[in-house]
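Take a look at the structure set out below.
Naming convention: chains lettered A, B, ... in sequence-line order (proteins, then strands); numbering from 1 in each chain.
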2 protein chains.
Amino acid sequence: MKDYTIILREHNLKATPQRLAIINTIDNYGHINIDKLYEDIKLKFSSISLATIYKNINTMIKEMLLLEVKLPNEKSVYEIVKDNHSHLLCKECGKVEDIFIDTKKIIDEISSKHTYTISQSDVVLSGSCESCKVI
Amino acid sequence: MKDYTIILREHNLKATPQRLAIINTIDNYGHINIDKLYEDIKLKFSSISLATIYKNINTMIKEMLLLEVKLPNEKSVYEIVKDNHSHLLCKECGKVEDIFIDTKKIIDEISSKHTYTISQSDVVLSGSCESCKVI
DNA sequence: CTCTGTGCAAAGCGTTTGCAAACGA
DNA sequence: TCGTTTGCAAACGCTTTGCACAGAG
């Protein structure tokens with residue numbers, strides 16, 4: 001498992017056990033919402049408070065270590081900032097996967113038709129994953 | 001201005017003045033968030049309560065007359081259900097425009113690489129609109 | 001040693017609910 | 001008339017805040 005101690009310090013954040021637990025759990029899951037994150041961390045860190053989770057999520061988002069992903073009909077999930085990518089969501093089980101789409105083509109096309117300068121793209125494709133399809 | 005009386009009745013909803021005001025205001029703005037919607041309707045309908053707005057937004061979403069659009073770093077906006085389309089957001093002024101992207105191509109590409117059955121795509125491109133670009 | 005972070009409880013805020021009265025069909 | 005909707009106030013749930021203590025650097 002990756003050690004986030006140095007990375008946190010580079011962002012002027014102290015590497016407390018709570019903070020490390022939070023970022024490691026997010027890393028481990030890939031994408032996770034607040035409730036599951038709290039539930040999961042509490043198993044091994046029973047004294048942690050929900051307020052600590054919230055405070056840390058927010059500071060790490062400000063420091064651009066984490067990113068909130070808004071999903072249709074679901075609670076937001078959090079992920080570690082990485083290369084530009086999109087998301088695939090299973091409407092049945094809520095599982096989220098990273099996907100790589102050539103958004104440049106889309107952005108160029110829209111840029112030529114509209115007068116916007118586009119700097120960001122948020123794409124979520126939703127459906128049924130393999131295991132939920134059968135049900 | 002379009003008359004939503006019949007459309008509401010077709011969805012088994014009574015065409016009350018409050019409800020008509022809500023749907024007409026959304027139609028008029030194209031995309032609007034709860035706060036602006038309440039503020040705007042209150043001008044001409046000072047007795048309306050925020051609870052009524054919420055209840056109606058929710059029933060009309062259930063009846064598939066309205067759709068919630070989740071945006072990065074912004075409050076959700078509501079729109080009247082129409083043909084499949086995507087959104088263009090100005091990060092400066094919050095303005096939202098409809099855009100038309102060939103999502104079929106993207107979906108086909110992802111479907112062939114992943115095992116998901118994709119049934120929905122939510123795309124938001126963000127940047128600066130013409131009037132905000134200069135600032 | 002100093003300053004940041006934690007945990008608790010309280011406050012805050014947006015949204016929902018229960019209910020009596022009003023209203024649409 | 002009957003069932004739905006409204007408006008109010010209270011309740012609710014999620015998130016943030018204030019503060020004293022603990023802990024990282």
Side-chain angles (χ1 to χ4, degrees), chain A residues 3-26 32-63 65-71 73-78 94, chain B residues 3-26 32-63 65-71 73-78 94:
Chain A
D3 181 11
Y4 282 98
T5 310
I6 309 296
I7 295 172
L8 285 169
R9 292 206 190 119
E10 282 169 356
H11 288 260
N12 300 307
L13 300 177
K14 294 190 176 182
T16 66
Q18 291 90 334
R19 203 165 266 161
L20 286 167
I22 292 168
I23 198 161
N24 280 320
T25 306
I26 296 174
I32 190 169
N33 69 31
I34 289 272
D35 302 331
K36 184 89 184 85
L37 182 60
Y38 181 47
E39 186 189 301
D40 207 84
I41 292 179
K42 245 182 126 60
L43 291 177
K44 298 193 173 172
F45 212 127
S46 62
S47 70
I48 201 167
S49 84
L50 194 49
T52 298
I53 308 258
Y54 276 110
K55 284 173 189 167
N56 279 307
I57 291 271
N58 288 335
T59 45
M60 292 194 275
I61 287 176
K62 279 200 200 83
E63 287 298 329
L65 281 171
L66 298 183
L67 206 69
E68 178 185 356
V69 183
K70 290 191 183 184
L71 302 170
N73 309 113
E74 304 268 346
K75 287 197 80 165
S76 291
V77 292
Y78 300 91
Chain B
D3 181 12
Y4 282 98
T5 309
I6 309 295
I7 295 173
L8 284 169
R9 293 207 188 118
E10 284 170 356
H11 288 260
N12 301 306
L13 300 177
K14 294 191 176 181
T16 65
Q18 291 90 335
R19 203 165 265 161
L20 286 166
I22 292 168
I23 199 161
N24 279 320
T25 305
I26 295 175
I32 190 169
N33 69 31
I34 289 272
D35 302 331
K36 184 88 183 83
L37 182 60
Y38 181 48
E39 186 189 299
D40 208 83
I41 292 179
K42 245 182 126 59
L43 291 175
K44 299 193 172 172
F45 212 127
S46 62
S47 70
I48 201 168
S49 85
L50 194 47
T52 299
I53 307 259
Y54 276 110
K55 284 174 189 166
N56 279 308
I57 291 272
N58 288 335
T59 46
M60 291 194 275
I61 287 176
K62 278 200 201 85
E63 287 298 329
L65 281 172
L66 297 183
L67 206 71
E68 177 185 356
V69 183
K70 289 191 182 184
L71 302 170
N73 309 114
E74 305 267 347
K75 286 197 82 164
S76 290
V77 293
Y78 300 91

>> What is the separation between atom NZ on B:K62 and atom P on D:dT4, rounded to the nearest whole Å?
In response: 14 Å
> Once you round it to whole Å, what is the distance between C1' of C:dG18 and NZ of B:K55?
Replying inline: 8 Å
> Please give, in whole Å, the distance from C:dA22 P to B:F45 CZ?
Replying inline: 15 Å
> With side chains defined as the heavy atoms from C-beta onward, is the minimum distance between A:L13 and A:L65 less than 4.5 Å?
Replying inline: yes
> If only side-chain N and O atoms of A:T52 are considered, is one of them under 4.0 Å from the OP1 or OP2 phosphate oxygen of C:dG7?
Replying inline: yes
> Taking CG from B:L20 and P from C:dC23, how many angstroms apart are they, rounded to a whole number?
Replying inline: 16 Å
Show me, pair by pair, the donor-acceptor contacts under 3.5 angstrom made by side chains of residues 17-24 of chain A, not counting sequence neighbours?
| from | atom 1 | to | atom 2 | distance (Å) |
| --- | --- | --- | --- | --- |
| A:R19 | NE | A:N56 | OD1 | 2.7 |
| A:R19 | NH1 | A:K14 | O | 2.9 |
| A:R19 | NH2 | A:N56 | OD1 | 3.0 |
| A:N24 | ND2 | A:L20 | O | 2.9 |

> For B:I48 and D:dC8, what is the distance between atoms CD1 and C1' respectively, to the nearest whole Å?
Replying inline: 14 Å
> Is it true that B:K42 and B:E39 have a side-chain N and a carboxylate O under 4.0 angstrom from each other?
Replying inline: no
> Taking CD1 from B:I22 and C1' from D:dT6, how many angstroms apart are they, rounded to a whole number?
Replying inline: 11 Å
> So what does A:T59 touch, heavy atoms closer than 4.0 Å: a base, only the sugar-phosphate, or nothing?
Replying inline: nothing
> Over how many whole Å does the gap from B:I6 atom CD1 to C:dG24 atom P extend?
Replying inline: 16 Å
>> Under 4.0 Å from OP1 or OP2 of C:dT16: is there any side-chain N or O of B:N58 that close?
In response: yes
>> Across nucleotides 20-25 of chain D, 5' to 3', mark each nucleotide with B, S or - according to how protein heavy atoms within less than 4.0 Å reach it.
In response: ---BBS
> Hey, is the side chain of B:N56 poking within less than 4.0 Å of OP1 or OP2 on D:dT6, counting only N and O atoms?
Replying inline: yes
>> Side-chain N or O of A:S47 versus OP1/OP2 of C:dG7: is the shortest distance under 4.0 Å?
In response: yes
> Roughly how many Å is it from CD in B:Q18 to C1' in C:dA21, rounded to a whole number?
Replying inline: 13 Å
